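To keep things clear, I will list the structure first and then write my remarks on it.
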Amino acid sequence: MASGDAAREARLRGDLEKIVGPDHVGGEEWLARLCGPSGPLAGKVVVAPGSPGEVAELVTYAGRTGTPVMPFGGGTRLHEVCPPESRGIFLSTVRMAAVVELEVDNLSVTVEAGLSNTALQGELFNHGLFLPVCSDSPHSTLGGQAARNHSAWRRYRHGKIGDFILGASFVTPTGKLVRTGGKTVKNASGYDLAKLLAGSWGNFAVITGIIFRLLPLPEKVVLVTAEFPSVDDGLRAAAAILRPKTVLSSLNIFSTASAAADATCRWSWTLVLEGSAEAVASHQKSLCALLPGEIKVEDGSKAAASAPYEAARNALHSGRRATAVIDKRKISSLSPLLRLLLQHGIPFDGDLAAGVIEFAVPCHAHGGAAFTELLAQRLAALQPDVRLLFDRIPPQPLLDRLSAGIDPAGIMFPSNLFRGGKAHGQGI
């Protein structure tokens, strides 16, 4: 870093410490707790405000000085949208982590944006409720998940987290604190604006709080785990399961392999059923009859069902992220791709019910170039049934058009790769 840049960074840190206190402007140790010692925040200026008022003051300061603001939660997906050269104020909401109000009878909860999904689910469980969008990491915050419109292993039945947002509080790029929406679905005041934040990836505002619609815990949840010595057998069973209308909420395949698989190509395959005890028992019997492989049936508690999902998601950080989008009517088309991934020990997480498979491509230093060439050859024969989105979802032009009106000064996450990574503002 040049001496001029170092001086500007020192002044920036000093100004931020005046707003939030010196203990909440991050050092290396503090950052390691968020993203790990070599994560995307290494060497960045990170600040953790403790209230919406402090967020507003920070954003106002950023606008006055022309300093970009990169809002995030626990930082678990920050590397996907933040280029290494980004400079400015990295604003984490992790200190704002309270359940503000839980209305059991109204099936709603108001939370601060820095609360983790894992912590909220634990609180809701005690009241017989849940937010049916699980976490892919124990550190994922609800504000961060809302900003990327997160979905998880129950998306087939329940959809994305944006479908459960009733209202939100946020700080605009001008430093104004806004509250929109309400605690019921019928309360339409500002409702669409709250929905707009879902999938905004920090481009429009800093989310400080969210109101979620909740659901009662299902009477019965069953987790069926199966392993197939043959990829084709597994895919045929999946296609058969997806045809009838059942109480299915998830149909996932997982691999956390770190070395080449053995010749049998075994892979973990999970199916989650939820609903009334009678419906689950009936559908479990009919669906399990379709499974030719080794089957294990157990109580589908949150811990049991999400453990393989979280393990698979963590393994995806081992290389470059790739996403294959599947035509669900032609699941058997996945066979060549799955064989390639299993043969090379590539970690993957596939949601067959939603038509998505994510996997980690090894870096060039560890055979990534050779694997990428094989992958390209295999996928060329699979189109249009399987499409590949490599590294990141392409930039979204709509975000640029909306941001031009909402953030004319261009301070709100201007380097975000969902906006094409354009550089606005002076930065540091």
Side-chain angles (χ1 to χ4, degrees), residues 151-160 222-257 261 264-274 283-297 300 305 308-309 312-313 315-316 321-361 374-390 393:
S151 62
W153 55 267
R154 287 167 118 161
R155 74 186 104 189
Y156 180 67
R157 183 179 181 88
H158 298 294
K160 299 183 177 183
V222 166
L223 173 68
V224 180
T225 305
E227 289 190 348
F228 300 97
S230 163
V231 168
D232 292 331
D233 284 345
L235 293 178
R236 276 195 294 268
I241 284 170
L242 289 173
R243 288 191 194 108
K245 185 174 179 61
T246 64
V247 291
L248 180 73
S249 67
S250 175
L251 179 56
N252 286 67
I253 53 178
F254 302 107
S255 170
T256 56
T264 59
C265 292
R266 300 178 74 87
W267 43 295
S268 177
W269 191 93
T270 66
L271 180 153
V272 179
L273 302 172
E274 61 177 280
H283 294 164
Q284 175 189 331
K285 183 177 180 180
S286 62
L287 294 181
C288 285
L290 300 171
L291 305 179
E294 180 183 335
I295 304 168
K296 181 171 70 173
V297 180
Y309 175 74
R313 301 303 302 183
L316 291 180
R321 181 78 55 84
T323 303
V325 181
I326 316 151
D327 184 337
K328 292 183 289 183
R329 298 167 299 179
K330 302 178 181 179
I331 285 181
S332 60
S333 300
L334 279 174
S335 181
L337 175 61
L338 289 184
R339 288 180 184 279
L340 180 67
L341 298 179
L342 289 165
Q343 288 166 5
H344 288 265
I346 303 297
F348 64 80
D349 159 31
D351 188 332
L352 299 183
V356 175
I357 290 184
E358 292 183 280
F359 53 94
V361 178
L374 287 172
L375 178 64
Q377 294 171 0
R378 197 67 55 93
L379 288 169
L382 298 180
Q383 293 184 358
D385 297 342
V386 180
R387 294 182 296 111
L388 185 67
L389 303 174
F390 208 50
I393 295 175

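Keep in mind that this is a model prediction, so the values were computed, not measured. The first residue in the sequence is number 1, and the count goes up from there.
The minimum heavy-atom distance linking Ile253 with Ile357 is given by the pair CD1-CD1, 3.9 Å. Heavy-atom minimum distance, Gly159 versus Ser151: O-CB, 4.1 Å. Contact record, Leu337 with Ala324: CD2-CB, 3.9 Å, taken as the closest heavy-atom pair. Taking each heavy atom of Cys288 and Ile295 in turn, the nearest pair found is O-CD1, 3.8 Å.
The shortest distance between side-chain heavy atoms of Ile241 and Leu352 does not fall below 4.5 Å. The shortest side-chain heavy-atom distance between Phe348 and Ile346 does not fall under the 4.5 Å cut-off. A heavy-atom distance below 4.5 Å is found between the side chains of Leu375 and Phe359. Side chains of Asp232 and Arg339 form a contact here, defined as non-hydrogen atoms less than 4.5 Å apart. The side-chain heavy atoms of Arg157 and Val272, taken from C-beta on, include no pair separated by under 4.5 Å.
Taken to the nearest 0.5 Å, the CG atom of Leu334 stands 4.0 Å off from the CD1 atom of Ile326. Atom OG in Ser332 sits 11.0 Å away from atom CG in Leu338 (nearest 0.5 Å). The line from CG of Leu248 to CD of Gln284 is 12.5 Å long, rounded to the nearest 0.5 Å. Atom CZ of Arg155 and atom OG of Ser249 lie 12.0 Å apart (nearest 0.5 Å).
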Next item on the list: Check the pair Leu287 / Val224 against side-chain contact (heavy atoms from CB on, under 4.5 Å), numbers first and verdict last.
Entry: CA-CA 10 Å; Leu287 294 181; Val224 180; over 6 Å; no

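Counted by atom type alone, Thr270 and Asn252 present zero donor-acceptor pairs between their side chains at under 3.5 Å.
A donor-acceptor distance shorter than 3.5 angstrom exists from the side chain of Ser286 to the backbone of His283, with no hydrogens or angles considered.
A search for side chain to side chain donor-acceptor pair (under 3.5 Å) contacts involving Arg236 returns Asp233, not counting sequence neighbours. Judged as a side-chain contact (heavy atoms from CB on, under 4.5 Å), and not counting sequence neighbours, the contacts of Val356 are Thr323, Glu358.
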